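Structure, as structure tokens:
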Amino acid sequence: MEKSLLQTKEFKHFMVEKYFNMIYKLALSQTGEKEHAEDVTSDVFLKFISTDKKFETEEHIKAWLIRVTINCSKGIFSNSWFKKTVPLEDNITVDMPDNESEVYEAVLSLPHKYRAVIHLFYYEELSVAQIAKYMKINESTVRSQLHRGREMLKIKLKGEDEYV
């Protein structure tokens with residue numbers, strides 16, 4: 001694909017359509033709330049459409065979108081407005097098929113540092129190497145976070161209250 005094609009508005013709109021679900025689900029896994037995920041998704045794609053960054057490949061675009069999603073999701077929690085608000089409801093509901101909702105809710109209950117790697121590995125089917133590249137962390141860190149996240153999920157799905 002030519003570099004000039006990667007910069008066109010038409011191609012960027014195609015990329016928005018192609019990666020919308022992935023970015024929304026990643027934002028949801030990071031923020032834990034539908035409204036925050038929608039805000040993050042909007043922010044990410046506004047930044048993408050308006051950026052002058054020269055992307056070399058579609059893979060480069062995907063990596064950039066994932067990185068920006070994670071950064072925007074972190075930004076939600078550091079925002080002073082967020083720190084001064086109290087959630088209206090304690091239960092997080094996710095629009096997932098019945099057979100996946102319990103597992104996905106368990107993923108959402110994990111500490112933030114495990115959510116992204118679990119989501120990217122299992123729901124987006126990215127490799128450890130891809131996750132490490134996109135998140136700019138070591139592959140060993142990804143493997144470690146996957147291992148710990150899986151252990152926490154096992155405990156959570158067995159019905160125990162606390163993580164070990």
Side-chain angles (χ1 to χ4, degrees), residues 1-79 82 92-97 100-101 103-153 156:
M1 205 171 277
E2 293 180 14
K3 287 184 182 181
S4 60
L5 179 60
L6 295 175
Q7 310 313 318
T8 65
K9 281 186 179 183
E10 293 81 13
F11 185 77
K12 285 187 175 185
H13 287 287
F14 172 74
M15 290 290 99
V16 169
E17 289 179 22
K18 182 173 182 176
Y19 291 112
F20 182 85
N21 285 334
M22 180 189 74
I23 296 305
Y24 175 77
K25 289 175 187 176
L26 178 59
L28 183 61
S29 77
Q30 293 298 287
T31 63
E33 294 188 27
K34 182 180 171 184
E35 293 78 14
H36 292 312
E38 290 170 355
D39 291 343
V40 168
T41 303
S42 296
D43 289 347
V44 168
F45 286 119
L46 282 173
K47 288 178 182 185
F48 176 66
I49 295 295
S50 63
T51 188
D52 291 332
K53 183 170 179 60
K54 303 292 183 214
F55 296 103
E56 297 170 14
T57 64
E58 187 176 329
E59 185 70 17
H60 185 202
I61 292 170
K62 184 177 181 180
W64 186 88
L65 289 171
I66 289 170
R67 185 78 239 150
V68 172
T69 302
I70 290 169
N71 289 339
C72 286
S73 296
K74 289 177 184 175
I76 289 283
F77 298 109
S78 64
N79 185 327
F82 179 81
I92 298 172
T93 56
V94 180
D95 296 329
M96 298 291 283
E100 292 184 32
S101 63
V103 174
Y104 201 73
E105 285 184 29
V107 170
L108 291 177
S109 72
L110 292 174
H112 285 273
K113 72 187 225 176
Y114 303 112
R115 287 183 195 173
V117 294
I118 294 287
H119 178 84
L120 292 171
F121 188 79
Y122 288 105
Y123 291 93
E124 302 304 330
E125 300 177 351
L126 298 179
S127 69
V128 169
Q130 289 173 311
I131 295 169
K133 178 182 169 187
Y134 297 162
M135 294 183 67
K136 297 183 180 176
I137 58 177
N138 292 325
E139 286 184 34
S140 60
T141 303
V142 173
R143 283 190 291 275
S144 169
Q145 289 179 353
L146 279 170
H147 175 73
R148 290 181 185 139
R150 286 181 194 122
E151 292 300 314
M152 290 177 187
L153 284 172
K156 186 71 172 172

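Everything numeric here is computed off the predicted structure, so don't read it as measured data. All values below were derived from every heavy atom in this structure, side-chain atoms included, with hydrogens, water molecules and symmetry-related copies excluded.
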Cationic N near anionic O, under 4.0 Å, E139 to K133: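 No salt bridge links E139 with K133.
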
Over all atoms of both residues, closest heavy-atom pair of [X] and [Y]:
X    : Y    : answer
G149 : L110 : O-CD2, 4.1 Å
T31  : A37  : OG1-N, 3.5 Å
G32  : L108 : CA-CD2, 4.2 Å
A132 : N138 : CB-C, 3.9 Å
H119 : M22  : NE2-O, 4.3 Å
H60  : K53  : NE2-CE, 3.8 Å

Between [atom1] of [X] and [atom2] of [Y], what distance do you get to the nearest 0.5 Å?
X    : Y    : atom1 : atom2 : result
L26  : N21  : CG    : CG    : 12.5 Å
S140 : H147 : OG    : NE2   : 13.5 Å
L146 : T141 : CG    : OG1   : 11.0 Å
E38  : E33  : CD    : CD    : 11.0 Å
Y123 : L28  : OH    : CG    : 10.5 Å
K113 : I137 : NZ    : CD1   : 10.0 Å

Quick one: is the NZ or CZ of K12 closer than 6.0 Å to the six-membered ring centre of F48, and within 45° of its axis?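 Yes, cation above the ring, under 6.0 Å and within 45°.
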
Cation-pi check, R150 to F121: give yes when NZ or CZ is under 6.0 Å from the six-membered ring centre and within 45° of the ring axis, no otherwise.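 The answer is yes, since R150 meets both limits relative to F121.
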
Report yes or no: do E124 and Y19 form a side-chain donor-acceptor pair below 3.5 Å?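 Result is no, nothing qualifies.
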
Under the criterion side-chain contact (heavy atoms from CB on, under 4.5 Å), I'd like the reasoning laid out for F11 against I61: C-alpha separation, chi angles, the key distance, then a yes or no. CA-CA 11 Å; F11 185 77; I61 292 170; 3.5 Å; yes

Look only at the side chain of [X] and the backbone of [Y], and say whether a donor-acceptor pair between them is shorter than 3.5 Å.
X    : Y    : result
Q130 : S127 : yes
S50  : L46  : yes
H36  : S73  : no

Is the closest side-chain heavy-atom distance between [X] and [Y] below 4.5 Å?
X   : Y   : answer
Q30 : C72 : no
V16 : I23 : no
M15 : K18 : yes
Y24 : K34 : yes

CA sep, side-chain torsions, deciding dist, call: E105, S109, side-chain contact (heavy atoms from CB on, under 4.5 Å): CA-CA 6 Å; E105 285 184 29; S109 72; over 6 Å; no

Given the rule in the side-chain contact (heavy atoms from CB on, under 4.5 Å) test, do V117 and M135 qualify, once you have shown the distances and angles that lead to the verdict? CA-CA 9 Å; V117 294; M135 294 183 67; 3.9 Å; yes

F45 and L65: CA distance, side-chain angles, deciding distance, side-chain contact (heavy atoms from CB on, under 4.5 Å) verdict: CA-CA 8 Å; F45 286 119; L65 289 171; 4.0 Å; yes

